[in-house]
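Accompanying notes for the structure given below.
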Amino acid sequence: MSMKAPRGTMDILPENTAKWQYVEKQIKEICDAYYYHEIRTPIFEHTEVFQRGVGDSTDIVQKEMYTFEDRGGRSLTLRPEGTAAVARAFVENKLYGSPNLPEKLYYFGSMFRYERPQKGRMRQLNQFGVEAMGSEDPAIDAEVIDLAMQIYRRLGLKSLKLVINSLGDKESRKAHRDALVAHFDPYREELCSDCQSRLDKNPLRVLDCKKDRDHPAMKTAPSILDYLNEKSQAYFEQVKAYLDAMEISYTVDPNLVRGLDYYNHTAFEIMSEADGFGAITTLAGGGRYDGLITEFGGPDTPGIGFGMGLERLLMALQVENIDIPVDTKLDCFVAGFGSEKVRTETVKLVHQLRSAGIQTDTDYQHRKMKGQLKAADRLKAKFVIFLGDDELDKQLVTIKKMGTGDQKEVSVDHIVSEIKELLLEES
RNA sequence: GCGGUCGUGGCGAAGUGGUUAACGCACCGGAUUGUGGCUCCGGCACACGUGGGUUCGAUCCCCACCGGUCGCCCCA
């Protein structure tokens, strides 16, 4: 048996971590502009957090959680999504008492879902997410959507589609739910087995079933939009008006339901329309969850947020051929060759350069001088410092500028300042 | 959980029921006694996913499993 990373997980190697870091940096800058602050919650929680937060009837809870018992017999679960945990933290730390509501939070982190991996789907996935808790202003809904779109736009993505919908408030949802059951019940036997149980547990989900998509009853199904009460209607209109004001284009899809139980009012999803993106197109999804905080024992507090898949974001960048600027040049390579005395001197010199803040590397493979030059070339070294027995005798080193091949001798005492100066000229 | 497809050195990629399993890239060395990127030459390489079966013999044929990948369900 060979040791391999578990199915659905992956190593992100140095050649790629630079891309991740770039993307994360861009996102953080945007969060800073929108004045959201980072929260870090545990990577696992008591299982109930997700059962109650996400909802018992959801796919996530029913078949996708990594749940285990710890040595103390507690049932714990690797977080499958971010919102429930942030809501738990919000209540536990009594952030609802903050004078600065809404509490505007963002997070980065790994989420875990036991699913069959495919393009754009991993068992350990990385998400960025945002939660704004404590405000029921349509403007914050629009802000959160804007923030998500801003990220994609800043990174240069073009083929995007924003879909929004309103699920209404409790009253609207109940009216719609009753209407749905009444509508589909006569056809119960004709629907797929999933939908038959959905009809009882969560009739809303019947609407986004792909198997029964073509069933005649689907087309005539009551739309949530027709059941929004006045307040819900007005709220949705206002959100759209704010999006219009920001010139963010969107499509209203009455069938956009979102899989999690906690959503109400605004729901949205951002998808990629780029060719070659694979079967899964959702880049980010989110919505309003006004009952979630009370579910965790907090005061009645509204909230809205979204989760964004970072693997999918990276994939979208690749599919749209967007280059990520990565600086791979090495400032300085020390090529030491000769006696053991030189080796010691090389170690010392490399240390000095690094201590002075100069990015420096050297050879550890016992390469010949020519091999060291090749290595320096591979590393895209700007300068190579030669240190051999001759140099040691004369207390000099030779500095070579790789771009031009120019070189000059410098006294060992002045190497650091000399290199610093040369690097300054380079940039 | 179900289905398609794939599984040969670090990477890419030929190939065969039977003596040392091509080749390319990469890497190391030499041509150039202490100087990279080009060229030529040489070298290195823990490779046929795992376990069974058929066979005198299997990397090749059969089966199972494992893994990758793509898709279904659903989602980030």
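Computed from heavy atoms alone, side chains included, the values below leave out hydrogens, waters and symmetry copies. Just so it is clear: chains get the letters A, B, ... in the order the sequence lines come, proteins before strands, and each one is counted from 1.
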Original post:
For Gly129(A), which contact category applies under a 4.0 Å heavy-atom criterion: base, sugar-phosphate, or nothing?
Top reply: nothing
Subject >> Watson-Crick and G-U pairing of RNA chain B written in dot-bracket, each distance under 3.5 angstrom, with | for inter-strand partners >> reply: (((((((..(((.....[....))).(((((.......))))).....(((((..]....))))))))))))....
Original post:
Considering only heavy atoms and no angle criterion, is a donor-acceptor pair shorter than 3.5 Å present between the side chain of Glu115(A) and the base of G1(B)?
Top reply: no
Subject >> Approximate separation, where rounding is to 0.5 Å, of Tyr22(A) OH and Ile27(A) CD1 >> reply: 11.0 Å
Original post:
Could you give the CD-to-C1' distance, from Glu64(A) to C73(B), as a whole number of Å?
Top reply: 9 Å
Original post:
Quick one: does Arg116(A) reach the base of C72(B) with a side-chain donor-acceptor pair under 3.5 Å?
Top reply: no
Original post:
So what does Arg367(A) touch, heavy atoms closer than 4.0 Å: a base, only the sugar-phosphate, or nothing?
Top reply: sugar-phosphate
Original post:
Below 3.5 Å, does any donor atom in the side chain of Gln407(A) face an acceptor in the base of U35(B), or the other way round?
Top reply: yes
Subject >> Integer angstrom distance from the P of C38(B) to that of C25(B) >> reply: 12 Å
Original post:
Looking across every strand, which nucleic acid part, if any, lies under 4.0 Å from Arg113(A) by heavy atom: base, sugar-phosphate, or nothing?
Top reply: base
Original post:
Under 3.5 Å, is there an N or O donor on one side and an acceptor on the other linking the side chain of Asp377(A) and the base of G37(B)?
Top reply: no
**OP:** Identify whether the distance between the nearest side-chain nitrogen and carboxylate oxygen of Glu131(A) and Lys104(A) falls below 4.0 Å.
**Re:** no
**OP:** For the residue pair Phe268(A) and Phe306(A), categorise the inter-ring angle as parallel (less than 30°), tilted (30 to 60°) or perpendicular (more than 60°).
**Re:** perpendicular
**OP:** Return the value, rounded to whole Å, for the distance between atom NZ of Lys374(A) and atom C1' of G34(B).
**Re:** 17 Å
**OP:** Just call it for Asn126(A): base, sugar-phosphate, or nothing, with non-hydrogen atoms closer than 4.0 Å on any strand.
**Re:** nothing
Original post:
In terms of side-chain heavy atoms of Arg312(A), which of G37(B), C73(B), C75(B) is nearest?
Top reply: C75(B)
Subject >> Most 5' of Thr404(A) and Gln127(A) on RNA chain B, judged by nearest nucleotide >> reply: Thr404(A)
Subject >> A45(B) and G51(B), which share atom name C1', separated by this distance in whole Å >> reply: 27 Å
Original post:
Once you round it to whole Å, what is the distance between P of C2(B) and OH of Tyr114(A)?
Top reply: 10 Å
Subject >> Interatomic distance, Ile140(A) atom CD1 to Ile304(A) atom CD1 [nearest 0.5 angstrom] >> reply: 8.0 Å
Subject >> Gap in Å between the two P atoms, one belonging to U54(B) and one to G7(B), rounded >> reply: 25 Å
Subject >> For atom CG of Asp363(A) and atom P of G34(B), their distance in whole Å >> reply: 15 Å
Subject >> Rounded distance in Å - OH (Tyr66(A)) to C1' (A76(B)) >> reply: 15 Å
Original post:
Counting just side-chain N and O atoms, does Gln118(A) come under 4.0 Å of either OP1 or OP2 of C72(B)?
Top reply: yes
Original post:
How far, in whole Å, is U20(B) from C48(B) if one measures between their C1' atoms?
Top reply: 16 Å
**OP:** Report the distance from atom NZ of Lys382(A) to atom C1' of G36(B), rounded to the nearest whole Å.
**Re:** 17 Å
Subject >> Atom C1', compared across G68(B) and U55(B): separation rounded to whole Å >> reply: 31 Å
Original post:
For Lys368(A), which contact category applies under a 4.0 Å heavy-atom criterion: base, sugar-phosphate, or nothing?
Top reply: sugar-phosphate
Original post:
Hey, does the side chain of Arg378(A) come within less than 4.0 Å of C28(B)'s phosphate (OP1/OP2), counting only N and O?
Top reply: yes
**OP:** Mind checking Lys119(A) for me? I need base, sugar-phosphate or nothing, with any heavy atom below 4.0 Å counting as a touch.
**Re:** sugar-phosphate
Original post:
So what does Met111(A) hit on the nucleic acid, given a heavy-atom distance under 4.0 Å: a base, only sugar-phosphate, or nothing?
Top reply: nothing
Subject >> Basic-acidic side-chain contact under 4.0 Å: Arg121(A), Glu115(A) >> reply: yes
Original post:
Looking just at side-chain N and O atoms, do Tyr235(A) and Arg288(A) make a donor-acceptor pair shorter than 3.5 Å?
Top reply: yes
Subject >> Side-chain donor/acceptor of Lys400(A) to base of U35(B), under 3.5 Å >> reply: yes
**OP:** Classify the nucleic acid contact of Leu283(A) as base, sugar-phosphate or nothing, counting any heavy atom under 4.0 Å across all strands shown.
**Re:** sugar-phosphate
Subject >> Euclidean distance for C1', C27(B) against C46(B) (whole angstrom) >> reply: 16 Å
Original post:
For the side chain of Asp390(A), counting heavy atoms from C-beta on, which of C72(B), G34(B), A76(B) is nearest?
Top reply: G34(B)
Original post:
From G1(B), U35(B), C74(B), pick the nucleotide closest to the side chain of Met369(A)?
Top reply: U35(B)
Subject >> Any Arg7(A) side-chain N or O less than 4.0 Å from OP1/OP2 of G68(B) >> reply: yes
Subject >> Rounded P spacing from C28(B) to C70(B) in Å >> reply: 33 Å
Original post:
Is it true that Tyr106(A) and Tyr36(A) have ring centroids separated by less than 6.0 Å?
Top reply: no
**OP:** Please figure out whether Ala5(A) or Asp389(A) has its closest RNA chain B nucleotide nearer the 5' end.
**Re:** Asp389(A)
Subject >> Atom-to-atom span, CG of Asp59(A) to P of C73(B) - whole angstrom >> reply: 12 Å
**OP:** Have a look at Gly278(A) and say if it touches a base, only the backbone sugar-phosphate, or nothing, with a 4.0 Å heavy-atom cut-off.
**Re:** sugar-phosphate
Original post:
Hey, does Glu391(A) reach any base, or is it just sugar-phosphate, or nothing, if we go heavy atoms under 4.0 Å?
Top reply: base
**OP:** Would you classify Phe306(A) as touching base, sugar-phosphate or nothing, given that sugar-phosphate means primed atoms plus P, OP1 and OP2, and contacts are heavy atoms under 4.0 Å?
**Re:** nothing
Original post:
Just checking Ala376(A): base, sugar-phosphate only, or nothing, at a heavy-atom cut-off of under 4.0 Å?
Top reply: nothing
Subject >> Worked verdict on Gln26(A) versus Arg154(A) for side chain to side chain donor-acceptor pair (under 3.5 Å) >> reply: CA-CA 8 Å; Gln26(A) 298 293 315; Arg154(A) 160 94 73 110; 3.1 Å; yes
Original post:
Between Glu81(A) and Arg79(A), is the closest basic N to carboxylate O distance under 4.0 Å?
Top reply: no
Subject >> Separation between the P atoms of C62(B) and G18(B), rounded to whole Å >> reply: 16 Å
**OP:** Report yes or no: do Ser172(A) and Asp169(A) form a side-chain donor-acceptor pair below 3.5 Å?
**Re:** yes
Original post:
For the side chain of Arg121(A), counting heavy atoms from C-beta on, which of G36(B), C74(B), U35(B) is nearest?
Top reply: C74(B)
Original post:
Touch check for Glu311(A), heavy atoms < 4.0 angstrom, all strands: base, sugar-phosphate only, or nothing?
Top reply: nothing
Original post:
Aromatic ring centroids of Tyr35(A) and His37(A) under 6.0 Å?
Top reply: yes
Original post:
Can you check the Gln372(A) CD to U32(B) P distance for me, whole Å?
Top reply: 21 Å
